[in-house]
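Not measured: the values here are computed from a predicted model. Atom set for the values below is all heavy atoms of this structure, side chains included, hydrogens, waters and symmetry mates excluded. Proteins come first, then strands; the chains are lettered A, B, ... in the order of their sequence lines, and each starts at number 1.
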2 protein chains.
Amino acid sequence: MTTAKRDTYTPETLLSVAVQVFNDRGYDGTSMEHLSKAAGISKSSIYHHVAGKEELLRRAVSRALDGLFGILDEEHARGGHAAERLEYVVRRMVEVLIGDLPYVTLLLRVRGNTDTERWALERRRDFDHQVAELLRAAAADGDVRRDVEGRLATRLVFGMINSIVEWYRPDGRGMSEREVADAVVQLVFGGLRKDA
Amino acid sequence: MTTAKRDTYTPETLLSVAVQVFNDRGYDGTSMEHLSKAAGISKSSIYHHVAGKEELLRRAVSRALDGLFGILDEEHARGGHAAERLEYVVRRMVEVLIGDLPYVTLLLRVRGNTDTERWALERRRDFDHQVAELLRAAAADGDVRRDVEGRLATRLVFGMINSIVEWYRPDGRGMSEREVADAVVQLVFGGLRKDA
DNA sequence: GTCTATATTACGATAGAC
DNA sequence: GTCTATCGTAATATAGAC
């Protein structure tokens with residue numbers, strides 16, 4: 001056994017506090033003073049755990065990116081028909097979004113004012129392109145409509161999925177991850193219109 | 001006739017510069033120094049035209065909100081079957097988003113750190129609720145699927161529409177407003193799946 | 001209307017005691 | 001690991017000349 005859980009901060013526990021504040025106020029709208037108040041320790045104590053504000057951002061977006069890229073390595077995302085792989089990836093994106101909600105939220109709001117932010121934006125683009133490639137393959141198979149151009153469709157679908165971070169809150173009796181994922185898959189593939 | 005167009009700033013022309021910078025760097029990430037560099041005048045000259053940074057924000061989001069609420073007053077949004085009114089509103093939202101792109105972009109990124117931001121968030125919620133009501137009516141008419149809960153569907157559809165500000169750029173030979181609106185209507189109502 | 005100069009406050013980060 | 005005190009910089013905004 002390790003020693004009993006301590007009352008003090010680690011970079012990891014401090015991160016979870018910081019990410020909440022970043023998401024509430026925006027990264028640029030958050031000062032070290034805000035963070036210290038939220039964490040209940042002084043500003044200088046924060047610097048004992050992390051090098052500064054930007055390191056907290058880097059750790060947070062790294063975690064989000066690892067979650068997303070992890071999807072593409074999963075078995076169901078790598079084998080089978082493109083359309084099925086696409087549906088699997090869409091569903092898993094919703095699950096990762098919700099599972100790592102605060103981290104992915106922060107990632108999706110990054111602007112590009114610092115090196116860390118520009119790096120995050122670049123990796124996000126990589127991920128987007130890989131999913132766009134899946135959609136292109138599904139269209140080539142004739143499994144998805146071709147009257148909407150591929151890049152455009154990808155962007156709109158990503159927009160729908162990513163927007164979940166703007167309202168989903170894991171409030172006890174709220175919606176489950178599964179319910180949201182089902183709804184997204186229904187709407188993305190079937191649309192609002194009633195089935196014949 | 002009025003006097004010839006002058007070379008100097010008005011609150012309106014200054015606003016168009018400021019909004020661009022706000023969207024590029026984020027509102028909180030933009031200093032008066034950034035604005036003065038972008039406008040080509042000194043910081044203090046900016047204060048001759050507007051009371052401060054927050055006034056620029058207020059003017060910008062007001063314009064965006066006026067555009068959106070204007071939709072709900074249009075004839076086609078007020079008469080006819082709910083499903084048709086809903087489709088009309090969805091299409092017009094895309095058009096207003098693109099027509100007032102920088103202003104709506106800024107509105108959609110507001111966090112709530114100042115009174116102005118909290119006021120903007122409140123009005124946005126009002127608008128969202130009115131569109132959600134339309135969707136509810138269309139569902140009651142049996143014109144849209146009922147296996148996806150109304151609030152959830154509204155949020156996802158808004159997410160898709162609003163995400164347009166993250167990538168649409170009116171670059172000369174890019175997509176037209178009409179093409180984007182068509183694609184959104186196709187996906188929102190019909191989904192990705194190929195029609196039978 | 002625009003400028004330079006400056007007041008004042010807030011910020012990120014460090015020094016050094018305990 | 002946490003604190004108080006503080007440094008140096010950058011922020012919003014104002015004063016007053018031209």
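- Between B/Glu33 atom CD and C/dT9 atom P there is a gap of 21 Å when expressed in whole angstrom units.
- Atom-to-atom, CG of A/Leu57 to C1' of C/dG12 comes out at 15 Å; the value is rounded to the nearest Å.
- With hydrogens and angles left out, the side chain of A/Ser44 and the base of D/dT4 share a donor-acceptor pair within 3.5 Å.
- The separation between B/Arg25 atom CZ and D/dA10 atom P is 13 Å, rounded to whole Å.
- Under the 6.0 Å distance and 45° angle rule, B/Arg123 counts as a cation-pi partner of B/Phe69.
- Nucleotide C/dC11 holds its P atom 8 Å from the NZ atom of A/Lys43, rounded to whole Å.
- Taking the side chain as every heavy atom from C-beta outward, B/Leu107 and B/Tyr103 never approach each other to under 4.5 Å.
- In this structure, B/Tyr47 atom OH and D/dG16 atom P are separated by 17 Å, rounded to whole Å.
- Separating the NZ atom of B/Lys37 from the P atom of D/dA10 is a distance of 11 Å, rounded to the nearest angstrom.
- For B/Thr8, counting side-chain heavy atoms from C-beta on, the closest listed nucleotide (D/dA13, C/dA13, C/dT2) is C/dT2.
- Remark: A/Asp182 engages A/Arg91 in a salt bridge, criterion side-chain N to carboxylate O under 4.0 Å.
- Closest to the side chain of B/Lys53, from the set D/dT2, C/dC3, D/dT12, is D/dT12.
- The side chain of B/Ser45 has C/dC3 as its nearest neighbour among C/dC3, C/dC11, D/dT2.
- Here the P atom of nucleotide D/dT12 and the CE atom of B/Met32 are 7 Å apart, to the nearest Å.
- One finds a side-chain N or O of A/His48 lying less than 4.0 angstrom from the OP1 or OP2 phosphate oxygen of D/dG1.
- In the hydrophobic clustering of ILVMFWY residues, with side-chain heavy atoms under 4.5 Å counting as a link, A/Val165 and B/Ile161 come out together.
- Using a 4.0 Å heavy-atom distance criterion, A/Ser36 is classed as making no nucleic acid contact.
- In the set C/dC11, C/dT4, D/dT12, the nucleotide with an atom closest to the side chain of A/Ser31 is C/dC11.
- Rounded to an integer number of Å, the gap from CG of A/Asp28 to P of C/dA10 is 18 Å.
- Taking only side-chain nitrogens and oxygens, B/His49 comes nearer than 4.0 Å to OP1 or OP2 of C/dT2.
- Electrostatic pairing of B/Arg125 and B/Asp128 does not count as a salt bridge here, judged by no charged N lying under 4.0 Å from a carboxylate O.
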